[in-house]
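What follows is a single structure, written as structure tokens, with notes after it.
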Amino acid sequence: MERTVGATSREFSVRKILPTVFALIFGMLVVMMDSSVMNVAIPTLESVFQSGLKIMQWSITGYTLALSAVIPLAGWFSDRFGAKRVFLISIGLFMVGSVLCSIATSPAQLITFRALQGLAGGMVAPIGIAFSFRVAPPDKRGSVMGLLGLPMLISPVLGPLLSGWLLEYASWHWIFLINVPIGIVALALGLRFLPRSVDTKNPQLDIPGAIMAPFSFAAIVYGVHDGGSQGWSVPSTIIPLTIGVVSLGVFIMVELRRQMPLLELRAFQSVEFSKGVVIVFVNWTAIFGTLFLIPLYLQQVRGFSTFHSGLMVIPQAVLSFIGLQIGGKLFDKYGARPIVFAGLLILSAALYWLSQIQVNTSIASLVTNLCILGLGQGLTTMQISTHVLKSAPAQLISRVTPITTSGQQIFGSLAVAMMSGFLASNIAKHMHAVANQSKEALVSAMATGFGDTFHIALIIALCGLVLSIFLNKPRTRQG
């Protein structure tokens, strides 16, 4: 017999709901990890499918676009069919998409199957976050969300590491097939331990919102992706960005007038919610940009393989997890402001050190700093997200999580595009200034270009640090 959602502080025990949390973690991990495994597999897939970079990059872009398009629909599907059912069906369809990707015989097939993966997996993260928020009482949500933040922080590290190992010691098929055993674990845990929603509704679908939200988010994400690879002044970037921003503006105006909107934008009437969302996006941009730069530095400047560069950042993931657990417990006790401020301060200190990085920076020093970086990430990421959810009306949680998840997808894409553009520009500038065109001098110039680009991430993190001073503890909402 299925258990029902609901918990009180008096009867709550983190140990009691660990199986539920692990079901959510495995489900979110399989989808989030797949966003990063492809980054290191593109050169191999170019050779396998005898295709160029521009075509094969669509296997990443198509996945991201599909993911972004379906996220806004998560709240309605969850309310209409039940969170547990939608969560498990999404994971099952994602596994089917993964198997199809593994047997693709042409670039067109791979791109199509990757898009199907994105459509299947887009609802997993927002539903998982909303789920975890319901199974714990208000004064313990920091601890629970701290556990749930694990896939968000380790997937960018574990994805490239696992992909590099599979490409080196197995075959490219396994970067997709690996999703099957992880998905099976998620389904088994979910069927057994995820509680059944008792308040499943029959809401009317906001058809204008269901059309405009996916369209505007996908157009913006596409424009950002294209801007990072083709440049920000070309028509293929300007046109989709313009269309996306205009349609997003129309979507916002329409949603604010509807009684049952697809996304509950009225939550922004809460000042604390609005402040928290801005910090979430700023923090996500700094972190995602940094996670993009570090493996590139290790491979392009230090000559590490994909697998070994993944091994280098494992300590960062470990410290992120430790930071998550410490931050979650402190959040329940003291609220968001001191924890998020401390996390962004530590993150900023690590980014300042990285902005001074050179070609001869010692490995011990680099790993130490990556650990500091991970600690800052862990203290900040889920704590500010939990603050945002606590600042929204409890009955609107299922409609609020798609807002933050969609924003994270857009700002994560923006961070990668922006950092790659700045990195290419900075490296070209320093290489052009080198009088001695020896290999050592050019590699040193490249390292300096990376340092300059880390300055951008530092500035973004400092903006978040200043904003965190103005956070206040929201009044506790039951439910």
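The first residue of the sequence shown is numbered 1, and numbering continues consecutively from there. Model, not experiment: these values are computed from the prediction.
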Derivation and outcome, side chain to side chain contact (heavy atoms under 4.5 Å, CB included), residues Val277 and Phe273: CA-CA 6 Å; Val277 166; Phe273 179 84; 3.7 Å; yes
Using every non-hydrogen atom in the two residues, find where [X] and [Y] come nearest and quote the distance to one decimal.
X      : Y      : result
Ile91  : Ala186 : CD1-CB, 4.1 Å
Ser78  : Ala83  : OG-CB, 3.3 Å
Gln316 : Ile294 : OE1-CD1, 4.1 Å
Thr361 : Ile357 : OG1-CG1, 3.7 Å
Ser59  : Arg114 : O-NE, 2.9 Å
Ile460 : Val282 : O-CG1, 3.1 Å

Validation row: [X], [Y] side chains within 4.5 angstrom (heavy atoms):
X      : Y      : result
Val359 : Glu440 : no
Val318 : Phe321 : no
Met95  : Ile182 : no
Ser51  : Glu46  : no
Ser90  : Phe77  : no
Thr242 : Ile239 : no
Gln356 : His455 : yes
Phe176 : Leu110 : yes

Looking at [atom1] of [X] and [atom2] of [Y], how far apart are the two atoms once the value is rounded to the nearest 0.5 Å?
X      : Y      : atom1 : atom2 : value
Leu354 : Thr290 : CG    : OG1   : 7.5 Å
Leu442 : Met431 : CG    : CE    : 5.0 Å
His308 : Leu298 : NE2   : CG    : 12.0 Å
Asp34  : Ile175 : CG    : CD1   : 8.0 Å
Ile279 : Leu465 : CD1   : CG    : 9.5 Å
Leu119 : Leu67  : CG    : CG    : 9.0 Å

Over 12 foreign heavy atoms within 6.0 Å of CZ, Phe49: yes
Over 12 non-hydrogen atoms of neighbours within 6.0 angstrom of CZ in Phe304: yes
Geometric class of the Trp165/Tyr169 ring pair [parallel <30°, tilted 30-60°, perpendicular >60°]: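 If you compare the ring of Tyr169 with that of Trp165, the planes turn out tilted.
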Expected output: side-chain Lys275 to main-chain Leu467 donor-acceptor under 3.5 Å: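 Not confirmed, Lys275 side chain does not pair with Leu467 backbone.
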Ser216 (side chain) donor-acceptor with Ala213 (main chain) under 3.5 angstrom: yes
Working for side chain to side chain contact (heavy atoms under 4.5 Å, CB included), residues Thr237 and Ser233: CA-CA 7 Å; Thr237 297; Ser233 59; over 6 Å; no
Acceptor/donor pairs from residues 338-349 side chains to any protein atom, 3.5 angstrom cut, sequence neighbours excluded:
unit_1 : atom_1 : unit_2 : atom_2 : d
Ser348 : OG     : Leu344 : O      : 2.7

Donor on one side chain, acceptor on other, Gln377 and Thr381, under 3.5 Å: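 Not at all, the side chains of Gln377 and Thr381 share no donor-acceptor pair under 3.5 Å.
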Quiz: residues 422-429 side-chain donor-acceptor pairs under 3.5 angstrom, not counting sequence neighbours:
unit_1 : atom_1 : unit_2 : atom_2 : d
Asn426 : ND2    : Phe422 : O      : 3.1
Asn426 : ND2    : Thr453 : OG1    : 3.1

Stepwise side chain to side chain contact (heavy atoms under 4.5 Å, CB included) test for Ile71 and Met123: CA-CA 5 Å; Ile71 285 172; Met123 297 186 193; over 6 Å; no
Within residues 91-103 or reaching into it, pairs that qualify as side-chain hydrogen bond (donor to acceptor under 3.5 Å, both in side chains) - sequence neighbours excluded: Ser98-Gln117, Ser98-Asn179
Worked verdict on Ile103 versus Gln109 for side chain to side chain contact (heavy atoms under 4.5 Å, CB included): CA-CA 9 Å; Ile103 60 175; Gln109 286 185 6; over 6 Å; no
